[in-house]
Every structure is written in C-alpha cells, then in structure tokens.
Asks: 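My questions will all concern the structure given below.
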Amino acid sequence: MGKKKSILLISVGLVLFTGIAATSTTFAWFSTVRNASVSYSNAKVTTEDNNLSVDFLSSRNSSMSDSVSAGELVLGGFNKVTDISGDGLSFYKPAWTPFNSAVAYDIEAVGNSIADGYFVDFTLTISRGDTGTGGMMIYLGENTSIKPMNQLLNVDVQTVKATRLAIINYDDGSSVTGEEQVKLIYAPEHNGEATYKCLKVNASSSAYGFDGYEIATLTNVKDDAFITYNTNEDAVAAGEVAIADLSETTESEDVTVRAWLEGTDAEALNAAIGGVFTIELDIYGLTV
C-alpha cells in the first residue's frame, strides 16, 4: 500500500543587494554591475518521521555552515552573487560593452567549482533507517515555494519573478562519484512565458553579439504549484518528478539544491535590485 511517510521543511532566507546599473535597460539582466551581495540565513530541516532524515553534506559556497539543534538541521552563511544564466549544471555571465548594455564583449563560465559570487548551492543526503519492501520515492510537496521576504515591497516581489531553483541528483546516488542530473528546475512565477530560456555554449551561434553561445530553451521547468500526494501511484499518474529514489537496496541518496537569479528572464530588471526572497522545500517520501 502506498503511504506518505514523512514531510521535511527547508527554509532558506536570501537577501539580495547590488549597485544600481549605470543605465536602465528594457531587456533582461537587471544590472551591469558584476557583483551582488546575497546573505542566506537559517536553512532549517525537520522531519515528522524518524525513519527519514536529511543531513548537510557539502556546499560550493565557502562560508556555508551547519549545526544541529533540537532535532533541526540549520544551514547558514554569507555569499556574494550576481545575475547569471544556466541550466542548473553550467552557468554563464556576460561582460557588457561600455556603451551598449545589450552587447557583450565576453561571456564567462562561472561557478564551476566555487559558487561564491554567483549562486547558492548546498548538497543534502536523504536517507532512511531501513530499506523496507519496495523502496521509497522522494518528492517535493505542496509547501515548496519561493516567496518575497516582504510581500508588500515591490522590490521583493520583483526579485522572485526572476529566480530559478534546480534540484540535482546523481546517477549512482553519490555527489562524490556520480554524474550530475537535473531532475527539475522550478520557476516560481509563470508571468505568461511560453518557454523558459538560458545561455548555453553553441559553437555555430551567437548571443548578445558574442560568438559561441546561444539562448536555448529549457525543457524541464516546473512553474505550477507543487502537490503533496498520498500514494506513489497517485504521484506517478500525475507525472510528478521524484527527486530521489530510495529503492529496496538504497538507503541514501545525495540531492543538490541550487538557486540563482536568471539573467535571461524577462523579469530580471533593475526593479529587482535590492530584493529579498525566501525558499521553502517541502520534502516527503512515498513508499512503493
């Protein structure tokens, strides 16, 4: 019988600051200033089922810290980020020409090993105390969201519209030995987009006037509300994407979370500068 086993809640508060662009723009990329400052505080993880646990494993952010208190895992730190573009695995940042903010003189690959200055990154190990019969699939539940810190502040509301969140797992379950796989990218605001874009390498194309790149279409974006299902059969029938698979012989899997400001998004405008947003990940397991 399918049974909902547990629910976890991860809350990450992100504060975004940056300088005002030299000139306002009507296309995406909210600033020509390279560095923006982001602080994230109190990533709290709790579980209602002692059989399922989440532990902090690693981060590409150098100042990430973790502690356990009263049964809660708390992540914290301070990092600087800027608006970038990517598919969750590879990220790029254009360097704009001085007199035309829509044309780049260079495009740099960023965050390949260190996320500082570009995005927030942390890896969690999701595990359960026993394998049971049939295994367990792990999903994001109905409380998963990205929200403005203050819904009454337009700058906070605007920032959320350009955020992206990638959930990444690994072909062998290990972030040390496995190959990264993007399970889904979450875009919290639909804003009428028919498709979602990102900057990618393409030797035969050009982007922002610079050869070797293209503005590609993403195919794995979720922009509707998450739903918590009572059985794995219901989740599968609805096409829900499992972020981890704890089979009968698999007791744990690593899952990486990456959050960034997507520069190609039409809402990545100067109105988002100084915005604050929060992330909530509602993680639960369904027996198979």
Asks: Is it the case that T256 and T123 place a side-chain donor and acceptor less than 3.5 Å from each other?
Replies: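 Side chains of T256 and T123: pair found under 3.5 Å.
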Asks: Hey, do the aromatic rings of W96 and Y105 have their centres closer than 6.0 Å?
Replies: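 No - the distance between ring centres of W96 and Y105 does not fall below the 6.0 Å cut-off.
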Asks: Answer yes or no on whether K93 is positioned over the face of F91, meaning its NZ or CZ is under 6.0 Å from the six-membered ring centre and within 45° of the axis.
Replies: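 No; the conditions do not both hold, so K93 does not lie above the ring face of F91.
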Asks: Any salt bridge linking K183 with E253? Criterion: basic side-chain nitrogen under 4.0 Å from a carboxylate oxygen.
Replies: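 No.
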Asks: Flag the pair D265 and R164 as a salt bridge only when some basic side-chain nitrogen lies within less than 4.0 angstrom of an acidic carboxylate oxygen.
Replies: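 Yes, this pair counts.
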Asks: Under a 4.0 Å threshold between the charged nitrogen and the carboxylate oxygen, would E214 count as salt-bridged to K197?
Replies: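 Here K197 does not pair with E214 in a salt bridge, since their nearest N and O are not under 4.0 Å apart.
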Asks: So which of D282, T228, N232 actually passes side-chain hydrogen bond (donor to acceptor under 3.5 Å, both in side chains) with Y139?
Replies: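 Option passing the side-chain hydrogen bond (donor to acceptor under 3.5 Å, both in side chains) with Y139: N232.
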Asks: Which heavy atom of Y186 sits nearest to which heavy atom of D224, and what is that distance?
Replies: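 In this case the closest contact between Y186 and D224 is CE1-O, 4.1 Å.
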Asks: I want to know whether Y92 and Y213 have ring centres closer than 6.0 Å.
Replies: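 That pair passes the under 6.0 Å test.
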Asks: So, T125 versus S252: side-chain donor-acceptor pair below 3.5 Å or not?
Replies: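 Judged by distance alone, the side chains do not pair up.
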Asks: Is any side-chain heavy atom of L286 closer than 4.5 Å to a side-chain heavy atom of M136?
Replies: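 No. Closest side-chain heavy atoms not under 4.5 Å.
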Asks: Answer whether the closest heavy-atom distance between the side chains of I215 and L199 falls below 4.5 Å.
Replies: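 The answer is yes; the side chains approach within 4.5 Å.
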Asks: Would you name the heavy atoms of G86 and C198 that are closest together and state the gap between them?
Replies: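 The pair with the smallest heavy-atom distance is O-CB, 3.4 Å.
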